[in-house]
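For reference, the structure discussed in these notes is given below.
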Amino acid sequence: MALRLYNTLSGKIEEFQPERDNTVRFYACGPTVYDYGHIGNFRTFVAVDVLRRFLRQSGYGTNHVMNITDVDDKIIRNAVQRGMSIFDYTKKYVQAFLDDMQTLGIQQPERIVRATDHIGEMAHFIHELERSGVAYKTEDGSYYFRIAKFPGYGKLSKKDFAGMTDGARVDVDEYDKDNARDFALWKAPKEGEAKWETEIGPGRPGWHIECSTMSMKYLGETFDLHAGGEDLMFPHHENEIAQSEALTHKTFARFWMHARFLLVEGEKMSKSLGNFYTLRDLVLMGHKPSSLRFLLASVPYRKQLNFTFDGLKQAATSVERLRNFKLRLETSQWAEGSSPEIVKLANDAVAQMKAGMDDDLNTAQMLGSIFDLVRDVNAAADHGQVKKDDIPALMSALSRFDEIFDVLTDNDAGKVKRVVQWAETEGLREKVSAEAEEMSQSAAMSDAQVEELVGRHSAARRAKDFKSSDAIRDQLMAQGIILENTKDGVRWRRK
RNA sequence: GGCGCGGUAGCCAAGUGGUAAGGCAGAGGUCUGCAAAACCUUUAUUCGGCGGUUCGAUUCCGCCCCGCGCCUCCA
């Protein structure tokens with residue numbers, strides 16, 4: 001079975017294959033860097049990350065390009081307000097975004113490209129469009145795309161613009177667009193705002209042209225897939241198609257993937273409702289990066305995800321269960337030999353996970369399969385039916401899962417620590433919760449230090465000095481370390 | 001208003017024309033020096049409502065109710 005993906009362009013689920021060789025060329029719309037990323041942004045980026053990881057797991061190479069929009073109205077406005085250049089203003093948010101990606105375990109695309117590094121190429125693109133008659137210049141020096149010249153306009157967002165185009169004509173000399181729907185390719189300079197001198201005159205690019213220019217530059221005139229949040233379908237992606245295909249007369253992106261918005265506590269996230277959270281807000285509140293990633297990845301990308309604090313707690317417990325299972329596989333004493341039934345369970349789980357993911361990236365089904373395996377193997381292990389030679393197959397099944405979810409390795413403490421340190425340098429100390437503080441501190445204790453205390457605990461227990469052993473266990477607990485005595489010996493993990 | 005998506009147990013959520021995966025939470029039990037972990041049993045006669053098609057629908061069709069998105073720069 002091969003990957004089947006919902007293609008916004010056709011409105012259907014289609015089999016997905018890269019067009020040539022074994023490499024998937026895809027472009028994902030990245031952030032506009034005027035502020036810290038919020039949890040809604042990251043739902044989309046996690047969804048793209050899940051796609052990326054599954055493609056690689058399926059044996060494809062990836063050429064994944066993500067843009068960073070570092071010039072737009074908001075950025076210009078904020079930079080002007082602060083008396084900064086847009087480069088200086090966006091610098092901090094670019095870095096914050098990259099750090100946040102790492103916090104959430106989002107893999108780096110092969111290429112991250114910035115709009116402001118491609119201004120000349122965008123101007124050239126617009127020049128070519130003008131030459132072919134689909135773009136026109138207005139009196140003030142702005143350029144617009146004439147949608148009436150592009151018959152396919154609306155094919156992505158399924159909008160019918162017939163009858164709306166070329167209605168009451170407005171003269172070009174009237175200093176305005178020909179048609180209300182025509183969109184800006186290039187904006188004439190305004191006093192005090194950032195501008196570039198280019199072959200089509202001074203000014204700055206419109207929003208959509210950067211993605212057309214950069215995607216085709218790095219991926220070719222036709223590439224395999226283009227992804228983004230559902231709001232980008234119109235006008236952004238529709239306009240990208242218009243610009244690109246008007247120029248090349250070739251299919252721009254073969255597949256379009258759109259991630260659905262999330263809700264927060266059942267409501268649309270908005271600053272006015274007070275349910276607007278950046279990733280950093282949530283980490284400072286004491287939520288683990290792994291819980292956040294798990295929750296964001298657990299709901300298939302085309303479903304509306306209801307992001308709740310209860311759900312976050314549930315996600316944390318679920319991750320813990322999976323990590324405990326892995327720890328059990330790693331630390332228990334297994335009898336020699338093998339059990340074909342156990343290996344079969346592992347192989348079946350792998351097959352089911354793949355089947356789920358092949359079905360339009362059904363991460364919920366993948367989760368169901370891995371938890372089935374966890375329950376069945378835990379039960380078998382309790383009955384002594386798991387043997388030493390079964391472990392590799394089980395670990396391999398866990399790896400298949402974690403190649404997508406990436407939550408099994410506990411590196412939460414270090415990530416939380418970094419965010420806590422950021423909060424301190426930004427003067428946001430009061431936003432650091434006790435939980436975040438505790439997690440951050442647990443990162444201070446090295447594995448070796450923990451092992452040392454664990455050793456003393458075990459020695460005391462062997463001597464039946466439970467008072468001492470419990471005291472050590474309590475001490476570790478206070479520092480965010482959970483110590484467990486199992487029949488196979490002692491083991492520990494971070495809270 | 002136009003176009004589109006969705007409503008499955010307390011919460012998150014999969015799925016199918018043939019009678020409801022999985023996780024979390026809850027209840028009872030097993031194991032255990034205690035704790036933790038783990039396991040077992042249990043929790044939707046029912047899939048927003050009303051009709052229709054069908055031997056049979058949660059799954060197909062129609063209508064209604066509710067939630068959500070886009071309809072010019074919000075992922």
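This one's a predicted model, so the numbers in the text were calculated from it and none came from an experiment.
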Cation-pi between Lys159(A) and Phe234(A): NZ/CZ under 6.0 Å from ring centre and within 45° of the ring axis? yes
Neighbour count above 12 (heavy atom, 6.0 Å) for Lys158(A) NZ: yes
Residues from residues 485-495 of chain A sitting under 4.0 Å of RNA chain B, heavy atoms only? Asn485(A), Arg491(A), Arg493(A)
Inter-nucleotide P distance (C24(B), G62(B)), Å rounded: 39 Å
Paired with G67(B) by Watson-Crick or G-U wobble geometry, both distances under 3.5 Å: which nucleotide is it? C5(B)
In the structure shown, which nucleotide is the Watson-Crick or G-U wobble counterpart of U16(B), with both distances under 3.5 Å? none
Inter-nucleotide P distance (C11(B), C63(B)), Å rounded: 29 Å
Candidates G22(B), A25(B), A36(B) - which lies nearest the side chain of Thr317(A): A25(B)
When the P atoms of C47(B) and U42(B) are considered, how many whole Å apart are they? 23 Å
Ignoring backbone atoms, establish whether Asn362(A) has a side-chain N or O less than 4.0 Å from OP1 or OP2 of A13(B). no
Comparing Ala379(A) and His38(A) on RNA chain B - which has the more 5′ nearest nucleotide: Ala379(A)
What does Gly229(A) touch in the nucleic acid at a heavy-atom separation under 4.0 angstrom: a base, only the sugar-phosphate, or nothing? sugar-phosphate
Reckon Asn324(A) touches a base, only the sugar-phosphate, or nothing at all at heavy-atom distances under 4.0 Å? sugar-phosphate
Between His457(A) and Arg473(A), do the side chains contain an N or O donor and an N or O acceptor separated by less than 3.5 Å? no
Touch check for Lys313(A), heavy atoms < 4.0 angstrom, all strands: base, sugar-phosphate only, or nothing? nothing
If you draw the axis of the six-membered ring of Phe307(A), does the NZ or CZ of Arg43(A) fall within 45° of it and under 6.0 Å from the ring centre? no
By the Watson-Crick or G-U definition, both distances under 3.5 Å, U72(B) is matched with none
When rounded to whole Å, the CG to P distance for the pair Leu367(A) and C12(B) reads 16 Å
Taking 4.0 Å as the cut-off, does a side-chain nitrogen or oxygen of Lys74(A) come that near to OP1 or OP2 on C74(B)? yes
What is the distance, rounded to the nearest whole Å, between atom CZ of Phe405(A) and atom P of G23(B)? 14 Å
Does a donor on one side chain and an acceptor on the other come within less than 3.5 Å for Asp470(A) and Ser468(A)? no
Is the ring of Phe466(A) stacked on the base of G33(B), with centres less than 5.5 Å apart and planes under 30° off? yes
Can you tell me the distance, in whole Å, between the CZ atom of Phe45(A) and the P atom of C74(B)? 13 Å
Any donor-acceptor pair, under 3.5 Å, between the side chain of Arg461(A) and the base of G33(B), if you only look at N and O atoms? yes
Looking at every strand, decide which applies to Lys158(A) at a 4.0 Å heavy-atom threshold: base, sugar-phosphate, or nothing. sugar-phosphate
Need one value for Leu483(A): base, sugar-phosphate or nothing, where a base atom within 4.0 Å counts as base even if backbone is also close, heavy atoms only. base
With no hydrogens and no angle check, do the side chains of His208(A) and His237(A) hold a donor and an acceptor under 3.5 Å apart? no
Quick check: on RNA chain B, is the nucleotide nearest Ser157(A) upstream (toward 5') of the one nearest Cys29(A), or the reverse? Name the residue that is more 5'. Ser157(A)
How long is the line joining CZ of Phe294(A) and C1' of C12(B), in whole Å? 10 Å
Whether the side chain of Arg473(A) and the base of C34(B) hold a donor-acceptor pair under 3.5 Å is what I'd like checked. yes
Give one of base, sugar-phosphate or nothing for Leu327(A), where a contact means two heavy atoms less than 4.0 Å apart. nothing
A25(B) to U32(B) separation - P atoms, rounded to the nearest Å: 24 Å
Just how far, in rounded Å, is P of C71(B) from CD of Glu230(A)? 10 Å
Could you give the CG-to-P distance, from Asp72(A) to A75(B), as a whole number of Å? 9 Å
Classify the nucleic acid contact of Ala364(A) as base, sugar-phosphate or nothing, counting any heavy atom under 4.0 Å across all strands shown. base
Using a 4.0 Å heavy-atom cut-off, does Pro300(A) contact any base of the nucleic acid, only the sugar-phosphate backbone, or nothing at all? sugar-phosphate
Base, sugar-phosphate, or nothing: which does Lys303(A) touch, judged by heavy atoms less than 4.0 Å apart? sugar-phosphate
Is it true that a side-chain atom of Gln352(A) and a backbone atom of Ser369(A) form a donor plus acceptor pair closer than 3.5 Å? no
Any Asn306(A) side-chain N or O less than 4.0 Å from OP1/OP2 of C12(B): yes
Output yes if the stacking criterion (under 5.5 Å between centres, under 30° between planes) is met for Phe261(A) over the base of A75(B), else no. yes
Should Phe371(A) and Phe401(A) count as side-chain neighbours, where that means a heavy-atom distance under 4.5 Å? no
Please determine if a side-chain N or O atom of Arg375(A) lies less than 4.0 Å away from the OP1 or OP2 oxygen of C39(B). no
Crowding at NZ, Lys155(A) (>12 non-hydrogen neighbours, <6.0 Å): yes
May I ask you to say whether Asp49(A) pairs ionically with Arg53(A), meaning some side-chain N is under 4.0 Å from a carboxylate O? yes
Leu185(A) has an atom CG; how far is it from atom C1' of C73(B), in whole Å? 14 Å
Distance check, P atoms only: C50(B) and U58(B), in whole angstrom units. 11 Å
Sticking with atom P, work out how far C61(B) lies from G18(B), rounded to a whole angstrom. 16 Å
Taking the same atom, C1', in U41(B) and in G48(B), what whole-Å distance lies between them? 32 Å
Establish, with yes or no, whether the OP1 or OP2 oxygen of C39(B) is under 4.0 angstrom from a side-chain nitrogen or oxygen of Arg321(A). yes
So for Gln304(A) and C68(B), does any side-chain atom that can act as donor or acceptor lie under 3.5 Å from a complementary atom in the base? no
If you look at every strand shown and take non-hydrogen atoms under 4.0 Å, does Asn239(A) touch a base, only sugar-phosphate, or nothing? nothing
hbond_proxy Lys187(A) side chain to C73(B) base (donor-acceptor, 3.5 Å cutoff): yes
Could you check which nucleotide pairs with C34(B) in any of the strands shown, counting Watson-Crick or G-U wobble with both distances under 3.5 Å? none
Using Watson-Crick or G-U wobble geometry with both distances under 3.5 Å, which nucleotide pairs with G10(B)? C24(B)
Heavy atoms only, 4.0 Å cut-off, all strands: where does Gly311(A) land among base, sugar-phosphate and nothing? nothing
From CZ of Arg260(A) over to P of C12(B), roughly how many Å is that when rounded to an integer? 15 Å
Can you tell me if NZ on Lys195(A) sees more than 12 non-hydrogen neighbours from other groups inside 6.0 Å? no
With a non-hydrogen cut-off below 4.0 angstrom, is Asp231(A) in contact with a base, only sugar-phosphate, or nothing? base
What are the two closest non-hydrogen atoms of Ile75(A) and Thr69(A), and how far apart are they? CD1-O, 3.5 Å
Are Asn378(A) and A38(B) close enough that a side-chain N or O sits under 4.0 Å from OP1 or OP2? no
Roughly how many Å apart are U8(B) and G4(B), using the P atom of each and rounding to a whole number? 23 Å
Under a 3.5 Å limit for both distances, which nucleotide forms a Watson-Crick or G-U wobble pair with U58(B), could you say? none
